[in-house]
Amino acid sequence: KVAKKLWKVSRFSEKVAKLSSPAVLRAMSSSAGPTPPYTTLAVSRPAPAVTHVEIHRPDKRNAMNKAFWREMVECFSEISEDQDCRAVVVSGAGKTFTAGIDIVDLAGEVLQPRGDDTARISYNIRKTITHFQESFSAIERCPKPVLVAIHGACVGGGVDLITACDIRLCTQDAWFQVKEVDIGLAADVGTLQRLPKVIGSRSLVNELALTARKMYADEAKSSGLVSRVFQHKAALMAGALEMAEEIAGRSPVAVQGTKINLLYSRDHSVEEGLQFMAAWNMSMLQTADLMKSAQASMEKKSPRTVAFAKL
């Protein structure tokens with residue numbers, strides 16, 4: 001057993017080393033800049049069936065400007081319909097994941113909203129807020145599992161973003177901050193709604209949101225905000241890509257059905273979740289993927305060796 005465990009550790013180390021190679025990391029890097037038609041995002045395909053979405057405003061610490069909020073919706077709407085994509089990795093370019101909202105760029109919309117009276121001003125503010133909320137709800141609604149790789153600072157809107165993702169990974173130097181109370185508002189793009197469902201301790205969530213203190217990687221791991229911590233960004237990106245490839249190698253019917261049902265069960269009772277699951281699988285069990293996966297299992301082969309049809 002010990003020998004087998006050591007062999008597995010050795011194999012994983014070999015995979016990480018391979019994925020950490022300059023060629024692979026270049027494939028996940030976008031030093032050339034954002035990918036047209038986007039101006040804040042660089043989108044690439046570093047591995048078969050895996051899409052990499054990189055927030056790319058490194059000179060602004062990946063702060064979220066007007067274009068970013070619109071482009072996130074456009075990007076994830078496209079990914080949702082992309083039959084060649086089965087898993088997504090989100091990361092940030094440069095030295096930090098994101099500094100959150102670009103206050104300078106958004107000052108006009110937030111601090112000087114349009115309208116001739118209270119009703120019209122309020123209506124336009126609400127429209128702006130719901131528009132921003134949609135940027136991250138599009139991630140959550142995307143049927144493809146979304147992994148987020150966080151390094152350095154993840155501030156304000158960054159916490160809103162990562163709580164909408166399915167799997168969160170970070171570097172040892174990562175830190176998180178629900179910053180909004182420090183700038184005079186309550187977080188309104190998803191943190192206060194999703195973070196309590198991500199972290200088990202309601203008291204800890206309240207503390208973070210009300211004090212705006214920083215949470216570092218070790219506490220993020222122990223509280224359940226992230227599931228793995230890596231030593232540095234290269235190892236983080238290699239680990240994220242490896243995990244995304246593992247997911248992408250499974251049946252897309254099984255993977256996407258699993259994500260959809262996990263989200264449904266999060267927001268409904270156990271009984272409602274079971275009923276939804278039964279209704280879902282009464283059709284999804286009628287797939288060739290089931291027999292293909294079972295055959296691979298009996299032959300002691302990885303599901304990644306199976307050629308699953310597109311979904």
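FYI, the numbering just counts along the sequence from 1.
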Can any side-chain N or O of [X] pair as donor or acceptor with the backbone N or O of [Y] at less than 3.5 Å?
X      : Y      : result
Thr130 : Arg126 : yes
Asn62  : Gly92  : no
His151 : Thr96  : yes
Gln133 : Asp188 : yes
Thr211 : Glu207 : yes
Thr287 : Leu290 : no
Glu81  : Glu78  : no
Thr171 : His232 : no
Asn281 : Met284 : no
Ser135 : Met72  : no

Polar contact flag, side-chain donor to acceptor under 3.5 angstrom, Ser137-Glu140: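 The answer is no; no qualifying pair exists.
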Passing option when Thr51 is tested against Arg45, Lys144, Arg86 for side chain to side chain donor-acceptor pair (under 3.5 Å):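 Among the candidates, only Arg45 passes.
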If you draw a 6.0 Å radius around [atom1] in [X], do more than 12 non-hydrogen atoms from other residues or ligands fall strictly inside?
X      : atom1 : value
Glu299 : CD    : yes
Lys301 : NZ    : no
Asp117 : CG    : yes

Are [X] and [Y] connected in the hydrophobic side-chain network, where two residues link if heavy atoms are under 4.5 Å apart?
X      : Y      : result
Val148 : Tyr38  : yes
Phe136 : Leu106 : yes
Met277 : Tyr264 : yes
Leu236 : Val155 : no
Val189 : Leu192 : no

Could you tell me whether [X] and [Y] make a salt bridge, using a distance below 4.0 angstrom between a side-chain N and a carboxylate O?
X      : Y      : value
Lys60  : Asp102 : no
Asp289 : Lys292 : no
Glu134 : Arg141 : yes
Lys221 : Asp218 : no

Arg213/Gln177 under side-chain contact (heavy atoms from CB on, under 4.5 Å): CA gap, chis, key distance, verdict: CA-CA 6 Å; Arg213 77 164 175 85; Gln177 187 176 24; over 6 Å; no
What closest approach, in Å, do [X] and [Y] show between heavy atoms, and which atom pair accounts for it?
X      : Y      : value
Ile55  : Leu41  : CA-CD2, 4.1 Å
His131 : Trp69  : NE2-CB, 4.3 Å
Gly115 : Arg120 : CA-CB, 4.0 Å
Arg250 : Phe308 : C-CE1, 3.7 Å
Cys85  : Ile79  : SG-CG2, 3.9 Å
Ile167 : Ser227 : CG2-OG, 3.9 Å

Got [X] and [Y] here, is their nearest side-chain heavy-atom distance under 4.5 Å?
X      : Y      : answer
Phe76  : Val90  : yes
Ile125 : Ile121 : yes
His52  : Ser91  : yes
Ser293 : Pro303 : no
Met215 : Leu225 : yes

Criterion side-chain contact (heavy atoms from CB on, under 4.5 Å) on Arg61 and Thr98, from CA distance to verdict: CA-CA 6 Å; Arg61 296 191 301 158; Thr98 179; over 6 Å; no
Intermediate values then yes/no, side-chain hydrogen bond (donor to acceptor under 3.5 Å, both in side chains), Arg70 and Thr39: CA-CA 10 Å; Arg70 181 186 71 253; Thr39 61; 5.2 Å; no
[atom1]/[X] to [atom2]/[Y] distance, rounded to the nearest 0.5 angstrom?
X      : Y      : atom1 : atom2 : value
Arg202 : Leu195 : CZ    : CG    : 9.5 Å
Ser201 : Asn206 : OG    : CG    : 8.0 Å
Asp105 : Met64  : CG    : CE    : 13.0 Å
Phe176 : Ser223 : CZ    : OG    : 8.5 Å
Glu271 : Gln275 : CD    : CD    : 5.0 Å
Leu147 : Glu246 : CG    : CD    : 11.5 Å

Audit row: Ser222, Glu219, side-chain hydrogen bond (donor to acceptor under 3.5 Å, both in side chains) steps and yes/no: CA-CA 5 Å; Ser222 64; Glu219 186 180 6; over 6 Å; no
Residue pairs fulfilling salt bridge (charged side-chain N to carboxylate O under 4.0 Å, His left out) with at least one residue in residues 157-172, sequence neighbours excluded: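 Residue pairs passing salt bridge (charged side-chain N to carboxylate O under 4.0 Å, His left out), neighbours aside: Asp166-Lys259.
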Worked verdict on Leu169 versus Val226 for side-chain contact (heavy atoms from CB on, under 4.5 Å): CA-CA 5 Å; Leu169 314 170; Val226 301; over 6 Å; no
Aromatic ring proximity, centroids under 6.0 angstrom, Trp175 and Phe97: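 Aromatic pair excluded; centres sit 6.0 Å or further apart.
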side-chain contact (heavy atoms from CB on, under 4.5 Å) between Cys75 and Val53, intermediate numbers included: CA-CA 9 Å; Cys75 180; Val53 178; 3.9 Å; yes
